[in-house]
Amino acid sequence: MRPSQQIALSAVMCALLLVAQFVLSFVPGVEIVTALLLSFCVVFGWKCGMLAATSFSLLRCFLFGFYPNVILLYLIYFNLFALFFGTAGRRIAAWVCPALLVPVAAGALAVALAQIPLSASLLPGLRGAAWALFAVACALLLLWGGLLAGKREVRAATLAACAAFFTVFFTLLDDVLTPLFYGYTPDAALGYFYTGLLAMIPQTLCAAVSVVVLFPVFARIFGGGRKIPPQTLDE
Amino acid sequence: MKHWFAKIAGAAGAALLCIAFAACTPSAGMGNARAELLESDGTRLVVRVTEGDMDKNLYDVLCIFEQNGEIAFDGTQSEYGFYLTSLNGVEADAENYWALYTTLGTLDGVSYSDASYGTWEYDGRTLASASYGVSGLPLVEGELYALIRTSVA
């Protein structure tokens with residue numbers, strides 16, 4: 001692909017990501033940035049992905065404000081995201097799905113059952129979200145197993161598992177960067193981690209569901225733009 | 001055709017599930033709790049809980065007061081609960097915001113306020129800076145909750 005094409009594609013993708021994030025910012029816990037960027041990176045590769053990720057991370061500040069720790073978080077996370085899915089997305093091994101989903105499900109179950117020192121007003125919602133994530137992880141595992149047994153394509157389920165894992169990593173990275181940036185005490189940093197679970201669980205749930213449902217659709221649309229036959233994407 | 005329909009139906013179903021899940025709001029009413037509005041104007045709001053209910057929170061109380069026409073407030077919902085940006089017609093801006101204080105300290109191993117982040121005195125009692133927003137503070141009998149217009153600087 002010529003550099004001018006890469007730049008043009010990345011610019012359009014950046015605009016799409018900004019609109020998608022802004023429109024859904026009013027609905028807590030719901031986002032399609034993960035599904036969109038993942039599909040874009042798988043189809044167009046890591047260079048276009050990282051261009052789009054970097055420009056998105058910087059330009060979103062005009063909509064959501066300039067916060068240095070958030071800028072750093074987005075630049076690190078989305079570039080790693082683009083690099084991973086842009087290089088490994090098309091040839092990711094099927095065993096990666098259960099390898100990632102089992103710890104996600106175990107983590108969700110742990111959050112649902114553990115005595116977390118969080119506000120009594122917020123704990124029921126967190127536990128409900130954790131159970132929902134556990135259920136979705138189990139459903140994805142069953143879907144993966146069913147597709148594998150039927151010798152069908154499992155890539156959407158595998159990519160959904162990776163997306164869920166990356167979403168968990170995003171919050172954990174924020175749990176390190178923000179306390180370091182603002183100089184939190186260890187107690188305050190731990191409180192920030194527990195409160196962060198309120199965002200992590202619904203976002204992970206949304207990422208897993210949106211990728212498994214929307215990746216085949218977006219990949220087909222982006223693949224059409226790159227003139228890649230559908231059967232090639234599914235290989 | 002069936003294949004595409006199934007995908008679109010699945011996507012719509014998932015979207016509806018997510019939106020329904022995200023749009024859940026706290027149940028109406030204060031449950032078994034009772035609260036008294038001590039002060040309410042453009043610079044402060046002070047509430048005393050006379051009967052507690054751990055299943056309800058300060059946001060539920062504010063909703064009841066608003067329904068009764070005693071206060072007006074606005075804000076946005078997020079994963080962390082309700083983020084209040086306007087109270088009695090006074091909006092938060094670049095120079096001032098609505099800070100939340102409470103006498104509710106540590107309960108059942110959970111810290112609900114921290115004096116090292118600020119305190120506010122009312123009627124001989126010291127309220128500490130809340131560790132949660134209005135949705136995260138349960139209603140405990142005898143405790144005070146205050147929203148104070150505070151300078152960012």
Side-chain angles (χ1 to χ4, degrees), chain A residues 24-32 35 65 115-126 128-129 131-133 135-136 139 143 156 160 171 184-185 187-188 190-192 194-220 230, chain B residues 3-4 6-27 31 33 52-61 76-83 94 102 104 106-114 116-117 129-140:
Chain A
L24 288 174
S25 64
F26 306 106
V27 186
V30 180
E31 58 92 14
I32 57 167
Q115 291 297 323
I116 294 174
L118 196 68
S119 164
S121 298
L122 302 174
L123 209 45
L126 176 67
W131 278 116
L133 179 59
V136 165
L143 175 70
T171 307
Y184 285 3
T185 61
D187 279 345
L190 193 59
Y192 187 77
Y194 285 125
T195 313
L197 293 173
L198 292 165
M200 183 209 283
I201 304 281
Q203 285 170 357
T204 305
L205 178 63
C206 183
V209 171
S210 64
V211 169
V212 79
V213 170
L214 295 174
F215 170 75
V217 178
F218 289 153
R220 213 165 271 268
Chain B
H3 187 55
W4 276 105
K7 282 192 168 107
I8 290 167
L16 277 171
L17 200 66
C18 285
I19 288 168
F21 183 72
C24 286
T25 53
S27 55
D53 186 342
M54 291 295 286
D55 293 331
K56 297 296 175 184
N57 54 58
L58 182 61
Y59 175 67
D60 298 321
V61 170
T76 52
Q77 285 286 356
S78 73
E79 294 101 331
Y80 306 102
F82 189 80
Y83 177 59
T102 180
L104 178 62
T106 301
L107 183 67
D108 297 332
V110 179
S111 173
Y112 289 95
S113 63
D114 191 339
S116 61
Y117 291 104
S129 179
S131 303
Y132 298 94
V134 295
S135 299
L137 294 180
L139 303 179
V140 179

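Protein chains get the first letters and strands the later ones, always in sequence-line order, with residue 1 at the start of each.
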For residues A/Pro28 and B/Glu79, report the shortest heavy-atom separation together with the two atoms involved.
-> CB-N, 3.8 Å
Quick one: are A/Leu122 and B/Tyr80 in side-chain contact, heavy atoms under 4.5 Å?
-> no
Side chain, backbone, both or neither: which part of B/Leu137 has a non-hydrogen atom closer than 4.5 Å to chain A?
-> backbone
Paired with A/Ser119, the side-chain contact (heavy atoms from CB on, under 4.5 Å) test is passed by just one of B/Ser131, B/Ser111, B/Pro138, namely B/Pro138
Portion of A/Leu123 that has a non-hydrogen atom of chain B nearer than 4.5 angstrom | neither
A/Leu118 and B/Val110 have their tightest heavy-atom pair at O-CG2, 3.5 Å
Contacting moiety of A/Gln203, where chain B heavy atoms sit under 4.5 Å | side chain
For B/Ser78, is it the side chain, the backbone, both, or neither that has a heavy atom closer than 4.5 Å to a heavy atom of chain A?
-> backbone
For B/Tyr117 and A/Ala188, which heavy atoms make the closest approach, and how far apart are they?
-> OH-CB, 3.6 Å
Determine whether B/Ser135 and A/Ser121 make a side-chain contact, defined as any pair of heavy atoms from C-beta on separated by less than 4.5 Å.
-> no
Verify the neighbour count for atom OH of A/Tyr184: are there more than 12 heavy atoms of other residues, nucleotides or ligands below 6.0 Å?
-> yes
